[in-house]
Amino acid sequence: MKTPEPPCTEIILSKGNDYCLEFLHAEEVDRKTISHRVSIPVFSPTGEYVGEKEDIQEETLILYRTKFSVPEAINPLTRKNHAKLAWIQFVCPSTGTNYLISTSPSFDNMIEHR
């Protein structure tokens with residue numbers, strides 16, 4: 001038996017994250033910018049490793065949720081059905097890839113996701 005795709009997967013693949021959120025009338029619930037301290041390897045002009053350089057990278061996490069509940073949807077935290085749909089959107093600081101990840105609609109702010 002094939003595992004069903006998460007809601008919005010086909011829309012995201014064909015039209016993108018923003019279209020999925022617009023199509024489902026998802027609203028922004030919370031937005032947080034988080035700073036990460038990262039170590040970046042440094043190499044000489046000849047390609048020899050010479051050490052690490054500290055840097056700060058920031059990423060913005062956005063929590064979205066639908067206004068309506070979906071009878072078939074199950075909240076992963078409460079295991080109750082007839083749940084709203086929710087996602088976290090972020091851009092990976094190192095690759096620049098835009099992600100829209102399903103999450104529990106129980107969350108009201110991004111601090112709970114850290």
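Annotation for V91: hydrophobic cluster partners, listed by chain and number, are none (ILVMFWY side-chain heavy atoms under 4.5 Å, direct or chained). Listed by chain and number, the hydrophobic cluster partners of V50 are V42, where partners are ILVMFWY side chains within reach of under 4.5 Å, directly or through others.
The distance from atom CG of L85 to atom OG1 of T103, rounded to the nearest 0.5 Å, is 11.5 Å. Note that OG of S102 and CD1 of I88 are 9.5 Å apart. Values are rounded to the nearest 0.5 Å. Taken to the nearest 0.5 Å, the OG1 atom of T33 stands 8.0 Å off from the CG atom of L61. Distance check: S106 OG to K84 NZ gives 10.5 Å after rounding to the nearest 0.5 Å. Distance check: T97 OG1 to F90 CZ gives 9.0 Å after rounding to the nearest 0.5 Å.
Y99 is connected to I34 through a chain of hydrophobic side-chain contacts under 4.5 Å among Ile, Leu, Val, Met, Phe, Trp and Tyr, so both are in one cluster.
Two residues are said to be in side-chain contact when any heavy atoms from C-beta on lie closer than 4.5 Å; L100 and L21 meet this criterion. Counting heavy atoms from C-beta on, the side chains of F107 and L63 come closer than 4.5 Å. In this structure, V29 and W87 have side chains that are not in contact, with every pair of non-hydrogen atoms separated by 4.5 Å or more.
Heavy-atom minimum distance, P105 versus A86: CA-CB, 3.7 Å.
Residues in residues 25-37 take part in these salt bridge (charged side-chain N to carboxylate O under 4.0 Å, His left out) pairs, two or more places apart or across chains: E27-K67, E28-R31, D30-K32. Screening residues 52-65 for salt bridge (charged side-chain N to carboxylate O under 4.0 Å, His left out), with sequence neighbours left out, gives R65-D108. Applying the ring-ring contact (aromatic ring centres under 6.0 Å, His included) test to pairs two or more places apart or on separate chains, those with a residue in residues 49-71 are F43-Y49.
Partners of S69 according to the side chain to side chain donor-acceptor pair (under 3.5 Å) rule, which considers only residues two or more places apart in sequence or in another chain, do not exist here.
Exactly one residue among T60, I101, I62 makes a side-chain contact (heavy atoms from CB on, under 4.5 Å) with Q89. That residue is I62.
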